[in-house]
Amino acid sequence: MNQICLVEDEQKVSAFIRKGLEEQGYGVKIADDGGMARELFKQAQFDLFILDVMLPDMSGVDLCRHVRETDSEVPILMLTALNQVHDKVLGLKAGADDYLVKPFHFSELLARIEALLRRNKNRAGNHQLTFGDLKLDTWSKTAQRAGKEIALTAKEYQLLELFLRNPNKILSREYIAEQVWEIGFDTGTNFIDVYVNYLRKKVEKDFKNKLIHTVIGMGYILKQANR
Ligand code: CA
């Protein structure tokens, strides 16, 4: 069952949406304001968010930004009042996927929700990154090679994910430092090389073909050895 988080302070509206969605087989949790919504995010996973723009304690746009900071994939539908064009633009910029102008027909809300969930389901296949026999699950943050789990530290995982997102492309040490450690690269240290070597040992031991190659003077590349 898809779980939907609805953040709306007008109880008539939230009751109406909840009733309709529950009849369609969705689970619905309601927050009356931004503070309550933030508590809900911490406690549960949702498949979709419906956020009203005008909330008593904060803007739905800021709330949208907050959701996006922790979940880049979950669909977000904003509810705006008529003529709040400015809010629509802000909402979309803050990471909302769609918006609906109040008042609306329930059938339209339902159609939008179904479209967003469908789109997200298609994307959900993308939580697996593969390269040859190497497989990463970006949700559980786990890696496998030829079906065998590889135990990685958080940084090793992030490093490997970066390689899998950029196959057959040379990644400079500067770029790796920025992406994985979010720091500028200090040429006086070799920590990138140290980490790449840790990762190589884990990913390549027990296997003949090497995947992470050094490109002298430039950085590293994930590629099949014979190419
Ligand atoms: Ca409102």
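In this text, all values refer to a predicted model and were calculated from it rather than measured experimentally. Every number for a ligand or one of its atoms is a count from 1 in the order of the listing.
- Listed by chain and number, the residues in a side-chain contact (heavy atoms from CB on, under 4.5 Å) with Asp206 are Lys148 (sequence neighbours excluded).
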Do Asp98 and Arg119 pass the salt bridge (Lys or Arg N to Asp or Glu O under 4.0 Å) test, and can you show the C-alpha distance, the side-chain angles, and the key distance before you say yes or no? CA-CA 12 Å; Asp98 200 0; Arg119 207 200 293 169; 5.7 Å; no
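- Under the ring-ring contact (aromatic ring centres under 6.0 Å, His included) criterion, the residue pairs touching residues 33-55 are Phe41-Phe49, Phe41-His66, Phe46-Phe49, with sequence neighbours excluded.
- Of all protein N/O/S atoms, those under 3.0 Å from the Ca ion (ligand 1) are Asp9 OD1, Asp52 OD2, Met54 O, and waters are not counted.
- The pair Arg145-Glu204 does not count as a salt bridge, with every side-chain nitrogen at least 4.0 angstrom from each carboxylate oxygen.
- Thr80 pairs with exactly one of Leu51, Leu100, Val101, Leu90 by the side chain to side chain contact (heavy atoms under 4.5 Å, CB included) rule, that one being Val101.
- By the side-chain contact (heavy atoms from CB on, under 4.5 Å) test, Lys202 pairs with Ile150, Leu152, Thr153, Glu156, sequence neighbours left out.
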